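The structure follows.
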2 protein chains.
Amino acid sequence: MPEGEYDLLRLENQLCFPLYVCAKEVVGKYRPLLDALGITYTQYIAMMVLWERRSVRAKELGEMLFLDSGTLTPMLKKMEAKGYVTRSRDPGDERSLIVAATDEGMALREKAKEVPYRVGSCIPLSPEDALALQGILGRMMASFRAERSPSPMLLPVS
Amino acid sequence: MPEGEYDLLRLENQLCFPLYVCAKEVVGKYRPLLDALGITYTQYIAMMVLWERRSVRAKELGEMLFLDSGTLTPMLKKMEAKGYVTRSRDPGDERSLIVAATDEGMALREKAKEVPYRVGSCIPLSPEDALALQGILGRMMASFRAERSPSPMLLPVS
DNA sequence: ATAATTTTAATTGCATACAATTTAATTGTA
DNA sequence: TACAATTAAATTGTATGCAATTAAAATTAT
């Protein structure tokens, strides 16, 4: 077992690198399938939210997807141009953007139904590993979410 | 246990989504640390290869990092502009680009030594989960690599 | 009520990523 | 040897992603 001075800087000793690679590769598996629907992966996860709720405030969508306005704004405008969503202001708070699925956007859901099966079939993962992975990543993502929303258990000092 | 028609299209039932989010979040943890070195995460993993080998063909680097020339070419030019690598053609095959670390690039290794510790400390993962994750992602990445290099066990037909 | 603060999107700038194409060099073949 | 096929980078075009800033609306404090 090597334990050199720079051992933790070796690519094969990283945890982050396989995470980065696997995420890219898996997202890449969606590409040909989503091409058929005319959407990208980022647009797909946004539509998942809308398929469930029909509409959502941009702020909340960003929190759910871990994306900020710099990514969401242009992406949602593209989705609007494609006719899958509408963008409108909340009359009660003109700062907020309401994103809603159009009928055409809702119709995509039917075409997307096969996607999870087809992607699953080309992810090289045993059922046990898939289950374990889901658990680990789920806990990890929950921690990240908690970091972002610092619940103020105590009053701020001063 | 809900099993609706569209249940596999719910965000919370995805395996890919937490993978995508966790990869982004973890890479994000590197950002402030690598800012101090003047490099990005992609540049960091490229330097990891060069710190070990001093030089590598661009083709091989792309295979190791799962990146193509469309990503590598501009990134390596930036690294060259920063003085961390040199780009030169292989005299034996003018198509190949040889990427080599400069002394300054090699010196970055010393400054980077702390990075893995500091990142590790802010990744919300138990030691057991980290170990399991490394195993699962390692197997997964190996499968993706195998997909890419189709070892021709049999002669092609015709 | 008015000013200061906060909140939410939008914008700007920079760095990936990847598909598809192009260019140059090399190899295989008739 | 010519010529076709292959290979490796580079280029082009599109879509993220995120930090930092800006702009507008709403809230809070005075």
Side-chain angles (χ1 to χ4, degrees), chain A residues 17 20-35 37-46 56-63 65-82 87-99 144 148-149 152 156, chain B residues 20-35 37-46 56-63 65-82 87-99 144 148-149 156:
Chain A
F17 177 65
Y20 157 84
V21 169
C22 289
K24 279 198 311 174
E25 290 291 315
V26 171
V27 167
K29 297 295 188 189
Y30 282 88
R31 218 178 311 270
L33 302 174
L34 297 181
D35 276 352
L37 310 196
I39 60 176
T40 65
Y41 181 73
T42 315
Q43 294 166 5
Y44 174 64
I45 58 177
V56 65
R57 282 187 311 120
K59 176 78 190 310
E60 196 180 351
L61 184 62
E63 286 166 356
L65 304 183
F66 286 77
L67 293 172
D68 75 354
S69 68
T71 303
L72 278 180
T73 297
M75 185 269 270
L76 292 173
K77 284 182 177 177
K78 281 168 205 153
M79 292 293 278
E80 183 182 41
K82 286 190 251 213
R87 296 165 63 253
S88 57
R89 294 291 165 173
D90 178 351
D93 184 343
E94 288 288 334
R95 290 172 305 182
S96 284
L97 184 75
I98 308 277
V99 182
F144 285 131
R148 298 208 160 190
S149 324
Chain B
Y20 157 84
V21 168
C22 289
K24 280 198 310 173
E25 290 290 316
V26 172
V27 167
K29 298 295 187 188
Y30 282 88
R31 218 178 311 269
L33 303 175
L34 296 181
D35 276 352
L37 309 196
I39 59 176
T40 64
Y41 181 74
T42 314
Q43 294 166 4
Y44 173 65
I45 58 178
V56 64
R57 282 188 310 119
K59 176 79 190 309
E60 197 180 350
L61 184 62
E63 285 166 357
L65 304 184
F66 286 77
L67 292 172
D68 74 357
S69 68
T71 303
L72 279 180
T73 297
M75 185 269 270
L76 292 173
K77 285 182 176 177
K78 282 167 206 153
M79 292 293 279
E80 184 183 40
K82 287 190 253 213
R87 296 164 64 253
S88 58
R89 294 290 166 174
D90 179 351
D93 185 343
E94 288 288 335
R95 288 171 305 181
S96 284
L97 184 75
I98 309 275
V99 182
F144 285 131
R148 297 208 161 189
S149 323

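Computed from a predicted structure; not experimentally measured. Note that these values count all heavy atoms, side chains included, but never hydrogens, waters or copies made by symmetry.
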Query - Atom pair distance, as rounded to whole Å: CG in B:D90 and C1' in D:dA9 - result: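 B:D90 atom CG is separated from D:dA9 atom C1' by 13 Å.
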Query raised in the report: Does A:K59 make a side-chain N or O approach to OP1 or OP2 of C:dA9 shorter than 4.0 Å?
Result: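 No, outside the criterion.
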**Report entry** Between C:dC14 (C1') and B:D35 (CG): distance, integer Å
**Finding:**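 Spelled out: CG on B:D35 to C1' on C:dC14 is 12 Å.
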Query raised in the report: Closer than 4.0 Å, any side-chain N/O of B:R89 to the OP1 or OP2 of D:dA10?
Result: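 B:R89 to D:dA10 OP1/OP2: side-chain N or O found under 4.0 Å.
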Query - Atom pair distance, as rounded to whole Å: CG in B:L97 and C1' in C:dT23 - result: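 After rounding, the reported distance stands at 15 Å.
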Query raised in the report: Closest approach of B:I39 and B:K82, non-hydrogen atoms and distance?
Result: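 Smallest interatomic distance, heavy atoms only, reads CA-NZ, 4.2 Å.
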Query raised in the report: Nearest to the side chain of A:R31, which nucleotide is it out of C:dT26, C:dA19, C:dT16?
Result: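 Side chain of A:R31 sits closest to C:dA19.
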**Report entry** Rounded interatomic separation in angstrom, taking CZ from A:R87 and P from C:dT8
**Finding:**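 Rounding to the nearest Å, CZ of A:R87 and P of C:dT8 are 17 Å apart.
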**Report entry** Spacing of B:R95 atom CZ relative to C:dT27 atom P, expressed in whole Å
**Finding:**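 One finds 6 Å between P of C:dT27 and CZ of B:R95, rounded.
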Requested in this report: Could you check B:K82 against B:G70 and say which one's nearest nucleotide on DNA chain C is further toward the 5' end?
Outcome: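 Its nearest nucleotide lies further toward 5', so the answer is B:K82.
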Query raised in the report: Closer to the 5' end of DNA chain D via nearest nucleotide, is it A:T42 or A:P91?
Result: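 Per heavy-atom nearest nucleotide, the more 5' residue is A:T42.
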Query raised in the report: According to a strict under-4.0 Å criterion, is B:T73 in side-chain N/O contact with OP1 or OP2 of D:dA10?
Result: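 For D:dA10, OP1/OP2 do have a side-chain N/O of B:T73 under 4.0 Å.
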Query raised in the report: So does A:K77 get a side-chain nitrogen or oxygen closer than 4.0 Å to the phosphate oxygens (OP1/OP2) of C:dT11?
Result: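 Answer is yes, contact under 4.0 Å.
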Report task. Determine: side-chain N/O of B:T40 to OP1/OP2 of C:dC14, distance under 4.0 Å, yes or no. Result ->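 B:T40 to C:dC14 OP1/OP2: no side-chain N or O under 4.0 Å.
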Query raised in the report: Angle class for the A:Y44/A:Y30 ring planes (parallel below 30°, perpendicular above 60°, tilted otherwise)?
Result: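 Ring orientation, 0 to 90° scale: tilted.
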Report task. Provide, to the nearest angstrom, the distance between the CG atom belonging to B:L61 and the P atom belonging to D:dA8. Result ->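 For the pair B:L61 CG and D:dA8 P, the rounded distance is 14 Å.
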**Report entry** Complementary nucleotide of C:dT5, counting Watson-Crick and G-U pairs under 3.5 Å
**Finding:**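 Pairing partner: D:dA26.
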Query raised in the report: Are B:E63 and B:K59 within salt-bridge range, i.e. N to O under 4.0 Å?
Result: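 Looking at B:K59 together with B:E63, the answer is yes, because their closest N to O distance falls below 4.0 Å.
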Query raised in the report: Given D:dG17, is OP1 or OP2 found less than 4.0 Å from the side-chain N or O atoms of A:T71?
Result: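 No, outside the criterion.
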Requested in this report: Can you tell me the distance, in whole Å, between the OH atom of B:Y20 and the C1' atom of D:dA15?
Outcome: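 These atoms are roughly 11 Å apart.
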Query raised in the report: Please give, in whole Å, the distance from C:dA10 P to A:D68 CG?
Result: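 It is 12 Å, rounded to the nearest whole Å.
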Query raised in the report: How close do A:L67 and B:K24 get, heavy atom to heavy atom, and via which atoms?
Result: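 Closest approach of A:L67 to B:K24, heavy atoms only: CD2-NZ, 3.1 Å.
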**Report entry** Any B:S96 side-chain nitrogen or oxygen under 4.0 Å from OP1 or OP2 of D:dT7
**Finding:**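 No, outside the criterion.
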Query raised in the report: side chain to side chain contact (heavy atoms under 4.5 Å, CB included) between A:Y20 and B:V26: does it pass, once the steps are laid out?
Result: CA-CA 9 Å; A:Y20 157 84; B:V26 172; over 6 Å; no
Query raised in the report: Taking only N and O in the side chain of B:Y41, is any of them less than 4.0 Å away from OP1 or OP2 of C:dA15?
Result: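 No, outside the criterion.
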Report task. Could you tell me whether the phosphate oxygens of D:dC18, OP1 or OP2, come under 4.0 Å of any side-chain nitrogen or oxygen in B:K29? Result ->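 For B:K29, the contact criterion (side-chain N or O under 4.0 Å from OP1 or OP2 of D:dC18) is not met.
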Query raised in the report: For D:dG17, does either OP1 or OP2 sit under 4.0 Å from a side-chain N or O belonging to B:K24?
Result: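 The answer is no; no side-chain N or O of B:K24 sits under 4.0 Å from OP1 or OP2.
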Query - Whether A:R89 side chain and A:I98 backbone form a donor-acceptor pair below 3.5 Å - result: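 Checked: no pair found.
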Query raised in the report: Can you find an N or O donor on one side and an acceptor on the other, under 3.5 Å apart, linking the side chain of B:S69 with the base of D:dA10?
Result: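 Answer yes: a donor N or O sits under 3.5 Å from an acceptor.
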